[in-house]
Amino acid sequence: MCFGRCARCIGCKLLILALLSIAANILLYFPNGETRFASEHHLSKYVECLHGILGGGLLVLIPAAVFIGLHNDDCCGCFGHKNCGKSCAMLSSVLAACVGILGSGYCIIISALGLSQGPYCFTRVERNWIYPFTESSGGYLLDYNEWSKCQEPQNIVQWNVTLFSILLVVGGIEFILCSIQIVNGILGGVCRLCCGSDEILLLAIILIALECNAFYRCCQSESCNKTYRSFISIVLAMLGVAFSGYSCIIFTLGLIQGPFCNSSSGWDYIFKDTAGGYLTDYSAWSQCAEPANAVEWTIILLSLLMTLSGLQLIICFLKVAAELKRTLCGTYSVFIQRFVNAE
């Protein structure tokens, strides 16, 4: 498998999506091509979050550039070994993919919140600039008769719904592509390491450090070697499952409980009895007077952390399943045989 070509393909797609995200976010600032609403600050607060420019744009351009240049990147080698250098490059792409996940996740969350809350517009009834669809929890999206409430800017509901939907879809695709590259980078890095004879040197160093004749004799046995390597991989993967699962649970509980903030009744968890219902009740968010925007800040960060923990959990589960399959099916390569071939 050519992991470098796969990464390059993903990078090219991310580049196009990032540019599309930046363009869509810029258009949100200019409803109907008019600039006066931006200068008068008559735009939705979620437009000014720069989720398309910063999140789905710049933070995705970084991994896109890394992935595109990965096809011919050997990381200058590692101790003069080409395969090790390519493994280094593939594994480093995982970090870039995590940056892309953060950016695209931020874009998804803000776009969803912007769609749910609706546009900031001048209404005929109140004769003032308000969010007329805040209490609908996104129900206005299907109730086209309600769109006429917004008198100015013209067609602002259609403008916001279209562009926020584009950003939501683009962010979702970017998130999926970056997740694929995480798996591709890990497989590419690990497989390049395993497919070369460099593992012989690594195992020799470990054996010398242990200075244990019993262990050395055990590892001369094909069955013991396979069992030992499988056991270590499964144990480490299970530790990853435990820690990522714990993190995912804690972040979920934090999201359900809500922020600790100062309200009319003092500092407290004012949303703890809503069982997470405050997440869609945007009018209740104003109860938190201090810190400013505490609810939005908490929701965005805890959602990102919960998503990353869930991704880590999935990867660790896949690793456990792969190791169990290799062990049960006997598909592990024999170290002694490869050592003889290398000689």
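The basis for the numbers below is simple: all heavy atoms, side chains too, and nothing from hydrogens, waters or symmetry mates. Note that this is a predicted model, so its numbers are computed, not measured.
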S.K.: Among Ile, Leu, Val, Met, Phe, Trp and Tyr joined by side-chain contacts under 4.5 Å, find the other residues sharing a cluster with Leu318 and list them by chain and number.
M.R.: Ile314
S.K.: Between Ser93 and Gln181, do the side chains contain an N or O donor and an N or O acceptor separated by less than 3.5 Å?
M.R.: yes
S.K.: By the disulfide (SG to SG under 2.5 Å) test, which pairs, at least two apart or in different chains, include something from residues 99-186?
M.R.: Cys121-Cys150
S.K.: Can you name the residues that form a side chain to side chain contact (heavy atoms under 4.5 Å, CB included) with Ile180, not counting sequence neighbours?
M.R.: Ile10, Ile176
S.K.: Kindly state each residue pair satisfying salt bridge (Lys or Arg N to Asp or Glu O under 4.0 Å) with at least one member in residues 41-65, sequence neighbours excluded.
M.R.: Lys45-Glu296
S.K.: Hey, are the side chains of Asn128 and Thr123 touching, using non-hydrogen atoms and a 4.5 Å cut-off?
M.R.: no
S.K.: Please list all pairs meeting disulfide (SG to SG under 2.5 Å) that have one or both residues in residues 272-307, counting only residues at least two apart or in different chains.
M.R.: Cys261-Cys288
S.K.: How does the hydrophobic cluster around Tyr269 look, that is, which other residues are in it when side-chain heavy atoms under 4.5 Å mark a link?
M.R.: Phe260, Trp267
S.K.: So which heavy atom on Leu50 is nearest to which on Tyr29, and how close?
M.R.: CD2-OH, 3.3 Å
S.K.: Going by heavy atoms in the side chains, are Gln158 and Trp147 under 4.5 Å from each other?
M.R.: yes
S.K.: Go through the structure and list residues passing ring pair (Phe, Tyr, Trp, His ring centres under 6.0 Å) with Trp159, not counting sequence neighbours.
M.R.: none
S.K.: Using only atom types and a distance under 3.5 Å, with no angle test, would you say the side chain of Ser104 pairs donor to acceptor with the backbone of Ile101?
M.R.: yes
S.K.: If you link I, L, V, M, F, W and Y whenever their side-chain heavy atoms are under 4.5 Å apart, who else ends up in the same group as Trp297?
M.R.: Leu301
S.K.: Hey, does the side chain of Asn262 reach the backbone of Ala289 with a donor-acceptor pair shorter than 3.5 angstrom?
M.R.: no
S.K.: Whether the side chain of Ser148 engages the backbone of Asn145 through a donor-acceptor N/O pair (distance < 3.5 Å, no angle test) should be reported.
M.R.: yes
S.K.: Taking Asn155 for its side chain and Asn32 for its backbone only, find out whether a donor-acceptor pair lies under 3.5 Å.
M.R.: no
S.K.: Below 4.5 Å, heavy atoms only, C-beta onward: do Phe164 and Leu28 meet side chain to side chain?
M.R.: yes
S.K.: Apply ring pair (Phe, Tyr, Trp, His ring centres under 6.0 Å) to Phe175 and list each qualifying residue two or more places apart in sequence or on a separate chain.
M.R.: none
S.K.: Where the side chain of Trp285 meets the backbone of Ala294, is there a donor-acceptor pair that is under 3.5 Å apart?
M.R.: no
S.K.: Report the residues that fulfil ring pair (Phe, Tyr, Trp, His ring centres under 6.0 Å) with Tyr46, sequence neighbours left out, ordered by chain and then residue number.
M.R.: none
S.K.: Contact between Ile26 and Ile22 at the side-chain level, heavy atoms closer than 4.5 Å - yes or no?
M.R.: yes
S.K.: Using the six-membered ring wherever Trp is involved, compare the ring planes of Tyr120 and His42 and label them parallel, tilted or perpendicular (cut-offs 30° and 60°).
M.R.: tilted
S.K.: Is Phe251 close to Leu308 at the side-chain level, that is, under 4.5 Å between some pair of heavy atoms?
M.R.: no
S.K.: May I ask you to decide if Leu17's main-chain N or O and Ser21's side chain share a donor-acceptor pair within less than 3.5 Å?
M.R.: no
S.K.: I'd like to check the ring pair (Phe, Tyr, Trp, His ring centres under 6.0 Å) partners of Phe37; sequence neighbours left out, ordered by chain and number.
M.R.: none
S.K.: With no hydrogens and no angle check, do the side chains of Thr162 and Asn160 hold a donor and an acceptor under 3.5 Å apart?
M.R.: no
S.K.: Going from CD1 on Ile300 to CG on Leu305, what distance comes out if it is rounded to the nearest 0.5 angstrom?
M.R.: 12.0 Å
S.K.: Any pair with a residue in residues 50-61 that passes salt bridge (Lys or Arg N to Asp or Glu O under 4.0 Å), sequence neighbours left out, goes on the list, sorted by first then second residue, please.
M.R.: none
